[in-house]
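Below: the structure, in structure tokens.
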Amino acid sequence: MSTLVIQDLHVEIEGKEILRGVNLTINTSEIHAIMGPNGTGKSTLASAIMGHPKYEVTSGSITLDGEDVLAMEVDERARAGLFLAMQYPSEISGVTNADFMRSAMNARREEGDEISLMKFIRELDSKMETLDMDQDMAQRYLNEGFSGGEKKRNEILQMMMIKPTIAVLDEIDSGLDIDALKVVSDGINQMKGEGFGCLIITHYQRLLNYITPDHVHVMMQGRVVKSGGAELAHKLEAEGYDWIKQELGIEDETVGQA
Amino acid sequence: MTVGTNLKMTEQELRSFSEMNGEPSWFTELRLRSFAEAETLPLPKPDKTKILSWNFTDYPVHTVKSTTFGSIEDLTEDIRTIVDLDQKNLYIQHNNTPAFSRISEDLAAKGVILTDIFTALREHGDLVKKYFMTNGVKADEHKLTALNAALMNGGAFLYVPKNVEVEEPVQVVFYHDDADASLFNHVIVVADTSSKVTYVENYFSTVEKSNGLANIVSEVFAEDNAQITYGAVDVLAEGFTTYVNRRGIAARDAKIEWALGMMNDSDTISENVTHLVGDNSIGDTKTVVVGRGSQKQNFTTKVVHWGKNSDGQILKHGVMKDSASSIFNGIGKIEHGATKSNAEQESRVLMLSPKARGDANPILLIDEDDVTAGHAASVGRVDPLQLYYLMSRGITKQEAERLVIHGFLAPVVNVLPIEGVKKQLTEVIERKVR
């Protein structure tokens, strides 16, 4: 079992504090969902875990099985087992999707032990089929000219190929129609198991109709303010966030505003 | 370096050099006339690069003698990295010496000519005379074209007769392994009416540093309805001050495509002009550049539209590292009367270090109303978010940079017509950006 532990995490962007003491523990075989209104720091948490260059961790810690994640470079974090499905993946011209994924997979292997081309293609084909992706997307340039939905599927495809220990999915459901949402959920559900833990960041409870979370957390004002089981998501869907704000005496749930 | 012409040769020596090569008298006269004119003609003026202090005239020796290759098996290991042993249509020049030549029986029977420029002058004098510095590059354009005509010591001639379509690419290798050699090369490629050919040349230095000069002129003619794909990978050594002028003339319905990999380690002035003379002609120029060290380079790519409904495309991508600097001039010129023409260009420069300099300079000169034209230019650094994205998948920073650079140059590299040459260019890029 692997464990990602986030303790009292404070994060700034351009001098503005966005996370104000996040605590969270994610084990493999668990699915966590973080919900919350816009502007409460959910995506910042995702970016801070992966090491986005614009986010500065000012205090607190992130460890993976006791290893200090914050001391690692972005690529080291990935090789240690972390993965972030990004909300806005970069487009990289001239680099095919397939070449990129092979490089990513080989980056985890010793020199001389690279994945064979045949094995890679077989695996890619089958995962693309699961995600209902056109086969020609493998040869297209990385995210270049992809529609919003294609980018999301491509993020999940990468996750399925790379097989991380802990994956963070940042609004993977935004902009997806219901068919695409089902397909993406199928992909995530395929990953479920003892060697895989997942943190799903979402605005919408709807994704959780297809992926049942073990833990649901609500973020406001740059902190996790409430945690519960799958039933919490249902309650949020039915009643919104106001009852939490009332319960905690929060007037403005967002952070970073003057 | 002095500005004045410091030519190693005398007129008399030039005359005997011409005689020794058995050149026709019109050519000897062209040499001597150009030799005299070179004294007074000015240097070319590439936009935004001052070359008055560059050395284009002082070289160690006019001609060096190098070995020839009796058969393809005799090629050196170096050359074999860029030449497939089953390459059927091949000419190799070793420094200044015509060293190997062969052409498939089929093409020879159809009248295709592939030979060194001296043999061409001797055996196909009238044909060469028709094209040599007549409608393409003029000898008296400036000092460097005049010097090319006067001092020509190498080059190649490719002629494809009417209606002949050459399926397999023709490859010409200018192999340079003598630090004292200079290249005054002249290449002529002619595709006669409704013919088709792919020509690829390699300028290939294996010495670390060169003391010589390169003054290279290529004239490329696509006659009515003909198609030429012209690929080049230039890898000339540091010190080899280079002027390279590749010019195309496309007649009615003709098409000239260029794919140029400009990988010299020397200071280089490159001029690539395509004249779309005939109606419906097409000129498509793709160029990739990698600059490193303290290299200074200037790349002028120009398409001139004379014919109606002509289409000109310019695509240039360059990567600059260390304190290398490059000017990318892109010029689309539409002459009066070239109605319905389209001139497009795109120049992009990626800088890998704070001291690297790149300047993209797009110019549209339009003297006709009923046309379309467009340009895009950008000069920038590697996007940190792209690197972040790639690294978030476990790819190291170095590998991520490599992917971004290759991706940036891919639009040109991928269209190079010979697999081996594409591979060579990829490897050269790899070596240069590391």
Side-chain angles (χ1 to χ4, degrees), chain A residues 46-55 72-109 111 139-144 151 154-155 157-165 167-168 170, chain B residues 259 261 286-290 315-319 346-350 352 376-416 422-423 425-430 432-434:
Chain A
S47 297
I49 292 172
M50 205 65 232
H52 188 292
K54 278 206 170 147
Y55 294 83
M72 299 179 193
E73 295 292 334
V74 176
D75 57 318
E76 292 169 333
R77 297 180 193 202
R79 291 198 300 275
L82 297 178
F83 180 90
L84 171 60
M86 297 196 193
Q87 199 178 350
Y88 305 109
S90 290
E91 301 187 2
I92 300 179
S93 185
V95 178
T96 65
N97 221 355
D99 281 350
F100 161 63
M101 264 179 259
R102 255 178 93 200
S103 296
M105 291 170 78
N106 285 330
R108 290 164 171 73
R109 292 159 158 262
E111 216 175 302
Q139 290 312 317
R140 281 170 61 188
Y141 291 152
L142 182 51
N143 294 324
E144 195 181 60
K151 282 183 183 166
N154 205 39
E155 292 293 287
L157 176 65
Q158 290 172 41
M159 178 185 76
M160 295 175 80
M161 295 296 284
I162 290 170
K163 300 186 186 72
T165 317
V168 180
D170 189 8
Chain B
K286 294 191 172 72
T287 311
V288 279
V289 174
V290 175
L315 176 67
K316 281 199 281 196
H317 282 198
V319 170
E346 180 183 329
S347 292
R348 309 218 175 268
V349 187
L350 187 65
L352 300 184
S378 67
V379 177
R381 303 192 183 278
V382 177
D383 178 358
L385 289 183
Q386 284 189 336
L387 294 181
Y388 166 62
Y389 184 67
L390 294 169
M391 289 170 72
S392 79
R393 302 308 186 232
I395 293 168
T396 60
K397 185 167 189 198
Q398 198 186 5
E399 176 68 6
E401 278 183 344
R402 199 188 66 89
L403 282 173
V404 170
I405 292 162
H406 274 280
F408 179 76
L409 300 175
V412 182
V413 177
N414 289 349
V415 297
L416 273 173
K422 198 189 285 186
K423 197 166 151 262
L425 181 58
T426 307
E427 283 165 8
V428 173
I429 291 171
E430 196 100 323
K432 290 195 79 172
V433 298
R434 192 178 290 155

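To find a chain, count down the sequence lines: A is the first, B the second, and so on, and within it residues start at 1.
- With a 4.5 angstrom heavy-atom cutoff, B/Glu399 touches chain A only via side-chain atoms.
- To the nearest 0.5 Å, the span separating OH on B/Tyr389 from CD on A/Glu91 amounts to 10.0 Å.
- The salt bridge (charged side-chain N to carboxylate O under 4.0 Å, His left out) search around B/Glu427 returns B/Lys423, not counting sequence neighbours.
- Contacts of A/Leu84 with chain B are made by both backbone and side-chain atoms, with heavy-atom separations under 4.5 Å.
- The NE2 atom of B/His317 sits 7.5 Å away from atom OG of A/Ser93, with the distance rounded to the nearest 0.5 Å.
- Minimum interatomic distance between A/Arg79 and B/Ile395 (heavy atoms only, all atoms of both residues): NH1-C, 4.5 Å.
- Interface remark: A/Arg108 contributes side-chain atoms only to the contact with chain B (heavy atom separation under 4.5 Å).
- Contact of A/Asp99 with chain B is not made at all, since no heavy-atom distance falls under 4.5 Å.
- Going from atom CG of B/Asp383 over to atom OG of A/Ser90 covers 6.0 Å, rounded to the nearest 0.5 Å.
- Heavy atoms from other residues, nucleotides or ligands lying under 6.0 Å from NZ of B/Lys397 number 12 at most.
- Between A/Ala78 and B/Gly394 the shortest heavy-atom distance is CB-N, 3.2 Å.
- Here the shortest heavy-atom pairing between B/Arg393 and A/Ala104 reads O-CB, 3.6 Å.
- Paired with B/Leu390 under the rule side-chain contact (heavy atoms from CB on, under 4.5 Å), one option of A/Asp75, A/Ile92, A/Val95 passes, and it is A/Ile92.
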Applying side chain to side chain contact (heavy atoms under 4.5 Å, CB included) to A/Lys54 and B/Tyr388, what does each step give before you reach the verdict? CA-CA 10 Å; A/Lys54 278 206 170 147; B/Tyr388 166 62; over 6 Å; no
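- The part of A/Tyr141 that comes within reach of chain B is its side chain, from C-beta onward, which places non-hydrogen atoms under 4.5 angstrom from that chain.
- For chain A, the option among B/Ser392, B/Pro411, B/Ala400 with the highest count of heavy-atom pairs below 4.5 Å is B/Ser392.
- When each of A/Met105, A/Met101, A/Glu155 is checked for heavy-atom pairs under 4.5 Å with chain B, A/Glu155 comes out on top.
- With sequence neighbours left out, A/Asp170 forms a side-chain hydrogen bond (donor to acceptor under 3.5 Å, both in side chains) with A/Ser43.
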